[in-house]
Amino acid sequence: QVQLVESGGGLVQAGGSLRLSCAASGRTFSNYAMGWFRQAPGKEREFVAVISWYGGRIYYADSVKGRFTISRDNAKNTVYLHLTSLKPEDTANYYCAARYGATLAHVPDEYSYWGQGTQVTVSS
């Protein structure tokens, strides 16, 4: 089992920044690819970013490319998502997820473990 706990969400004005953290416990963190997803009310959960075991491969959704940065610190068992140039349409509950192995998946069903989410609200 892997337990994931997100933090760092909040209310921010358009153009502002936030850094989300996801602390993992339970299994060897470096064996897992880590993803960030988000879900707005009435919408499906959507892919945001994913990072490989040691950070050598990273992919972003087109909607956040150039504005969001995913990173990880395996010594701290933590993955981060730095959000900049935030827009009202970025408002959502943000979730981190863990997938065992090397594949960088974009589909929520590919991930075995999920955190409880942290809310990001961007005001215009």
W114 to P108 - nearest heavy-atom pair and separation: CZ2-O, 3.4 Å

Pair listing, ring-ring contact (aromatic ring centres under 6.0 Å, His included) test, anchored in residues 8-36, at least two apart: Y32-Y100

Joint hydrophobic cluster, I51 plus Y94, side-chain heavy atoms closer than 4.5 Å: yes

With a 3.5 Å cut-off and sequence neighbours excluded, list the donor-acceptor pairs that the side chains of residues 39-48 form with protein atoms.
residue	atom	partner	partner atom	Å
Q39	OE1	R45	NE	3.3
Q39	OE1	R45	NH2	3.3
Q39	NE2	K43	O	3.1
E46	OE2	R38	NE	2.5
E46	OE2	R38	NH2	3.2

Straight-line distance of F68 CZ to S17 OG, nearest 0.5 Å: 9.5 Å

What's the spacing between D73 CG and S30 OG if we round to 0.5 Å? 11.5 Å

Which value, rounded to the nearest 0.5 Å, describes the distance between I70 atom CD1 and C96 atom SG? 9.5 Å

Quick one: side chains of residues 81-89, donor-acceptor pairs under 3.5 Å with protein atoms, not counting sequence neighbours, listed by atom name and distance.
residue	atom	partner	partner atom	Å
T84	OG1	R67	O	2.5

Look at the side-chain heavy atoms of Ile, Leu, Val, Met, Phe, Trp and Tyr, link any pair under 4.5 Å apart, and say whether I58 and V64 land in one connected group. yes

Let me have the donor-acceptor pairs involving side chains of residues 115-124, under 3.5 Å, with sequence neighbours excluded, atom names and distances please.
residue	atom	partner	partner atom	Å
Q116	NE2	E6	O	3.3
T118	OG1	G9	N	3.0
Q119	NE2	A92	O	3.4
Q119	NE2	T121	OG1	3.4

Scanning both residues in full, the closest heavy-atom pair of A23 with T78 reads CA-OG1, 4.1 Å

Stepwise side-chain contact (heavy atoms from CB on, under 4.5 Å) test for Y111 and V50: CA-CA 11 Å; Y111 289 79; V50 60; 3.2 Å; yes

With D109 via salt bridge (charged side-chain N to carboxylate O under 4.0 Å, His left out) - residues at least two apart: none

Among residues two or more places apart or on two chains, list those pairs meeting side chain to side chain donor-acceptor pair (under 3.5 Å) that have a residue in residues 50-60. none

Taking every non-hydrogen atom, the tightest pair across R72 and M34: NH1-CG, 3.7 Å

Specify the closest pair of heavy atoms between L4 and A24, including all atoms of both residues, with the distance to one decimal. CD2-CB, 3.6 Å

Closest heavy-atom contact between G8 and L18? O-CD2, 3.8 Å

